[in-house]
Amino acid sequence: MKKTMFLGTLAATTVLAGAAFAGTLDDVKARGELLCGANPGLTGFAAPDANGEYQGFDAALCKAIAAAVLGDATKVKFVPLSSEVRFTALASGEVDVLVRNSTATYSRDNDLKLDFPVINYYDGQGFMVKKDLGVSSAKELDGATVCIQTGTTTELNLADFFKHNNITYTPVTVQDDSEAQRNYLAGSCDAFTTDASGLAAVRSSFPDPENHIILPEIISKEPLGPAVRHGDNQWGDVVRWTYNALLIAEEKGITKANLAEVEASSTDPEVRRLLGLEGDMGVMLGLDNAAFKNAILANGNYGEIFEATIGTSTPIGLARGLNALWTQGGLQYAAPFR
């Protein structure tokens with residue numbers, strides 16, 4: 001009952017916040033900086049490097065948005081947010097956009113009054129255990145202790161999975177991935193559950209990743225994407241079309257390295273619109289016509305970002321899978337740029 005009252009209160013707050021922050025694009029331009037809500041530190045997705053600069057798959061999207069809006073991919077301030085405070089931080093205007101491995105759900109849309117303009121990673125919840133536990137299936141975890149982050153969709157998914165399979169567990173609640181990692185490695189829990197991509201990211205940071213296995217069961221759908229506030233359609237469109245530009249660039253074979261050559265030679269009408277050579281597409285959205293070209297130049301196209309941060313050649317080692325382009329059997333499908 002208390003949880004329902006809290007969500008209702010937050011929903012009322014976010015209705016007001018939506019009205020108060022309906023001009024996010026103008027605010028970002030006036031400030032000269034994008035405030036991006038990010039994971040406190042998830043390797044490959046959003047984490048500070050040795051110089052304290054945020055890098056990763058999600059961080060790259062924020063940099064692309066900054067490049068589109070401000071013409072400079074470095075004009076981003078990353079605000080680390082725990083799973084428990086991320087949505088209130090967005091609702092209150094502490095950040096302009098939340099890019100933090102967040103799942104688009106019905107209640108987050110309709111009760112928390114948040115929009116998820118795009119899905120940048122299709123995922124599902126999984127389990128990781130130490131190899132010496134001798135478990136090969138999540139259905140063998142009867143009586144196990146399980147590390148789980150509070151304030152996430154994984155809590156309900158976990159309860160549903162164990163109830164459906166008529167087995168029991170003891171939750172060990174944690175605030176973030178780093179706390180989960182410490183508890184799991186210290187033996188405070190037998191298993192760690194979160195999105196499978198997050199498990200792969202955490203495992204890659206272990207000194208002995210080969211001694212930890214991700215079990216085969218995927219127990220949920222976790223469509224992950226950037227979130228913005230309800231009631232600010234123009235800003236939602238900026239996020240949506242910046243992301244779509246990265247997908248279309250991959251479809252068209254436009255990379256960070258060859259963009260100048262493509263710009264000088266292409267006769268493809270969609271490519272020319274994308275790169276700001278015709279159509280006034282940027283101006284139509286309140287941006288410069290070079291906005292989407294700048295977004296691509298920030299980190300490359302979607303495929304380049306994926307492979308450089310979390311792909312098979314990185315320690316995280318994620319295959320494209322559902323996140324391949326639609327032309328390659330995946331779900332990543334951009335609307336036409338016309």
Determine the minimum heavy-atom distance between Leu25 and Gly286, stating which atoms define it. CD2-O, 4.0 Å
In plain terms, say whether Asp96 and Arg31 are close enough for a salt bridge, that is, a side-chain N and a carboxylate O under 4.0 Å apart. yes
Side chain Asp280, main chain Val283, donor-acceptor under 3.5 Å: no
Do Asn101 and Glu222 make a side-chain contact, defined as non-hydrogen atoms from C-beta onward lying under 4.5 Å apart? no
Can you tell me if NZ on Lys29 sees more than 12 non-hydrogen neighbours from other groups inside 6.0 Å? yes
Write down the atom of Phe45, the atom of Leu318, and the distance for their closest heavy-atom approach. CZ-CD1, 4.3 Å
Members other than Leu331 in its cluster, when Ile, Leu, Val, Met, Phe, Trp, Tyr link by side-chain heavy atoms under 4.5 Å? Ile119, Tyr122, Leu322
Of all the heavy-atom pairs spanning Val239 and Pro226, show the shortest one and how long it is. CG1-CG, 3.8 Å
Do NZ/NE/NH1/NH2 and the carboxylate oxygens of Lys252 and Glu270 come within less than 4.0 Å? yes
The side chain to side chain contact (heavy atoms under 4.5 Å, CB included) partner of Leu274 among Val262, Asp268, Ile248 is Ile248
Salt-bridge test for Glu304 and Lys256: reply yes if a basic N is under 4.0 Å from a carboxylate O, no otherwise. no
So, are Lys77 and Glu33 salt-bridged, with charged N and O less than 4.0 Å apart? no
SB check Arg229 Glu94 (cutoff 4.0 Å): no
So, applying ring pair (Phe, Tyr, Trp, His ring centres under 6.0 Å) with His212, which one of Phe192, Phe206, Phe127 is it? Phe206
